Amino acid sequence: MCGLVGVVTSDDVGVCLYDTLTVLQHRGQDAAGIMTSDNGKLNLRKDNGLVKDVFRTRHMRRLTGQMGIGHVRYPTAGSSSPALAQPFYVNSPYGLALAHNGNLTNTSELSRDLFKEDLRHINTDSDSEVLLNVLAHELQKQEKIEPSPEAIFTAVSGVFERCRGGFAAVVMITGYGIMGFRDKHGIRPLVFGSRQTERGKEYMIASESVALDSQGFTVERDVAPGEAVYIDVNNNLFTKVCTEPGTHTPCIFEHVYFARPDSLMDSISVYKARLRMGEKLADKLQRLRPENDIDVVIPIPDTSRTSALELANRLGIKFREGFVKNRYIGRTFIMPGQSQRKKSVRQKLNAIELEFKGKNVLLVDDSIVRGTTCKQIIQMARDAGAKKVYFASAAPAIRYPNVYGIDMPAASELIAAGKTDKEIEELIGADWLIYQDLDDLVAAAAEGNPDISQYECSVFNGEYVTSDVDEVYLKRLENMRSDAAKNGKKKGGQARQQNLVADLNTDV
């Protein structure tokens, strides 16, 4: 999962992009980057690390220009290295820079085609670089000295014909404008908005509405599935649906975990959706154990707080903050490497013994992925003196990997894969484990926008909305995403080039 922003203004955009990326930092902590265009001259700064660490005063002074794009990354595909920080750039045609959120499901096929047919070299194992080169080739085919909106939209139509998966992207065309587009199922989020200034109307494209709010932009609307939005250097807006849209199926995990609660996703308040998750989870708990002995409801900071509070209110049980969070430790789910995640839990949270001692505690989290974090937290609650520790998940059991831009680990690393709820309960050490029902989770989001009837829920039900995901693909994904595979990549990165050459010599 990554965060994107693109903006065209009348003033230098560097500080605006920096401030926006800090608001989107929750979407990626591995790397950050900004590229600006100043009268045809490109300025770039990107590196591994948090936004505040990547950009110093000396860097910001160089990020001049009236348009630019920014990106915060966590590694979905590929490894973690400065070379994979975005935006990516190609000089032909025009000079294109791209920032991407999501995952292409036909990257290998595209890489071969780019080499054999388009004569383009791919330097990394990032599907973002593949997406950029596909767009560059399609735009080159238009044979325009200056790219008109219609030529740009035709090129994006070609991208949609060739690329499959869940993706959103912002693209800067040097000296001409900023473009954003979203996959035909609308899996990954993208929104655009405007603000009125003395010099006229200005536009921004971003992953979440909160990014626009922070800079005084008003949301116009979400980018529609299969749509492209183009803002030229004079802040003229052009939009077009560039492919036949599929069923609109936004990612439900945005509401569970990734998005900020103050964001709107496809016109749905994330905060309200999480409140409804708490209500529905409370109703299920009441059905299963109407005579429960829970003394206190305690959230696991921060994402679950909204659901936990509403759950407690609905059940009439005391709500307390039992864990203090170290604000200087990042989100453990999006940390690369299992050993780093394990180490960070006790650095991240500390229990308030007073809220646990002698009590039957219901801990509430947004979801359970590997189970290692919640197992440690349950033990922390017992160490603080809790008599019983119950555990509630605002999301259903995660049993399948994600292929559309969330780095869910290999199925073998998911604690719920192939296990019953009772088995998971024993593994994490809870006295009782309760999961949200999938129908209730979908209803919690859908109530905010009745026009969307389906959601991308593959991590819960194993149903993938694109037609190209099979057991062979999932096995290959597991070989790439397991912690062992990622550690191997760090030690043997040169093998990728050899494998790519071998692939290029193999007919598809």
Side-chain angles (χ1 to χ4, degrees), residues 4 6 8 13 33-46 62-71 78 82-100 102 104 106-163 167-181 205 228-234 238 240 242 496-497 500-501 503-504:
L4 314 175
V8 181
V13 297
I34 290 174
M35 181 176 276
T36 63
S37 175
D38 190 354
N39 294 316
K41 178 186 176 184
L42 294 173
N43 307 294
L44 172 66
R45 168 62 182 170
K46 62 178 182 176
R62 296 200 300 266
L63 292 173
T64 58
Q66 285 68 58
M67 67 177 181
I69 62 175
H71 186 265
L84 294 173
Q86 297 184 36
F88 281 131
Y89 171 76
V90 291
N91 67 349
S92 177
Y94 314 115
L96 299 177
L98 174 142
H100 166 226
L104 303 182
N106 61 333
T107 304
S108 297
E109 175 187 336
L110 289 169
S111 295
R112 287 189 289 265
D113 289 347
L114 283 167
F115 185 86
K116 284 186 171 183
E117 299 175 18
D118 302 347
L119 305 181
R120 287 182 171 269
H121 172 72
I122 305 300
N123 194 51
T124 71
D125 58 359
S126 171
D127 60 342
S128 303
E129 188 185 9
V130 171
L131 180 62
L132 172 59
N133 277 274
V134 171
L135 174 63
H137 180 75
E138 293 299 322
L139 201 51
Q140 188 86 53
K141 284 165 55 178
Q142 305 309 308
E143 298 182 342
K144 302 288 185 181
I145 295 178
E146 295 187 359
S148 65
E150 192 56 42
I152 291 169
F153 293 145
T154 300
V156 175
S157 296
V159 171
F160 284 129
E161 287 179 9
R162 296 177 66 178
C163 298
F167 53 89
V170 291
V171 180
M172 181 167 64
I173 307 174
T174 305
Y176 294 101
I178 299 288
M179 173 179 61
F181 57 89
I205 308 169
V229 174
Y230 175 60
I231 305 153
D232 71 16
V233 71
N234 296 313
F238 306 88
K240 184 177 181 180
C242 297
R496 178 200 166 268
Q497 189 67 26
L500 177 58
V501 172
D503 284 344
L504 294 172

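Remember, it's a predicted structure, so these values are computed and weren't measured experimentally.
- Side-chain N or O atoms of D127 include none that pairs as donor or acceptor with a backbone N or O of T107 at under 3.5 Å.
- Side chains of D118 and D113 form no contact here, defined as non-hydrogen atoms less than 4.5 Å apart.
- A donor-acceptor pair is defined here as one N or O able to donate and one able to accept, closer than 3.5 Å; no such pair exists between the side chain of H71 and the backbone of A85.
- Residues in residues 35-45 take part in these salt bridge (Lys or Arg N to Asp or Glu O under 4.0 Å) pairs, two or more places apart or across chains: R45-D47.
- Test L98, V13, I178, I34 against I69 for side chain to side chain contact (heavy atoms under 4.5 Å, CB included) and you get one pass: I178.
- The shortest distance between side-chain heavy atoms of L84 and D125 falls below 4.5 Å.
- Annotation: side chain of M172 is in contact with side chain of S37 (closest heavy-atom distance under 4.5 Å).
- Residue pairs meeting the side chain to side chain donor-acceptor pair (under 3.5 Å) criterion with at least one partner in residues 138-148, sequence neighbours excluded, are S92-Q140, E138-K141, E138-R162.
- Counting heavy atoms from C-beta outward, Y94 and L139 have side chains that approach closer than 4.5 Å.
- In this structure, R120 and P93 approach most closely via the heavy-atom pair NH2-CD, 4.3 Å.
- Shown here are the ring-ring contact (aromatic ring centres under 6.0 Å, His included) partners of F153, two or more places apart in sequence or in another chain: there are none.
- The closest side-chain heavy-atom distance from I152 to Y176 is not below 4.5 Å.
- At distances below 3.5 Å, at least one donor-acceptor pair connects side-chain atoms of T36 with backbone N or O atoms of T64.
- For T174 (side chain) and G40 (main-chain N/O), no donor-acceptor pair under 3.5 Å exists by modelled atom type.
- Smallest separation of non-hydrogen atoms from S128 and H100: OG-ND1, 2.7 Å.
- Here the side chains of K240 and V156 are not in contact, with every heavy-atom distance at 4.5 Å or above.
- Judged by distance alone, with hydrogens and angles left aside, the side-chain atoms of E129 form a donor-acceptor pair with the main-chain N or O of N123 at under 3.5 Å.
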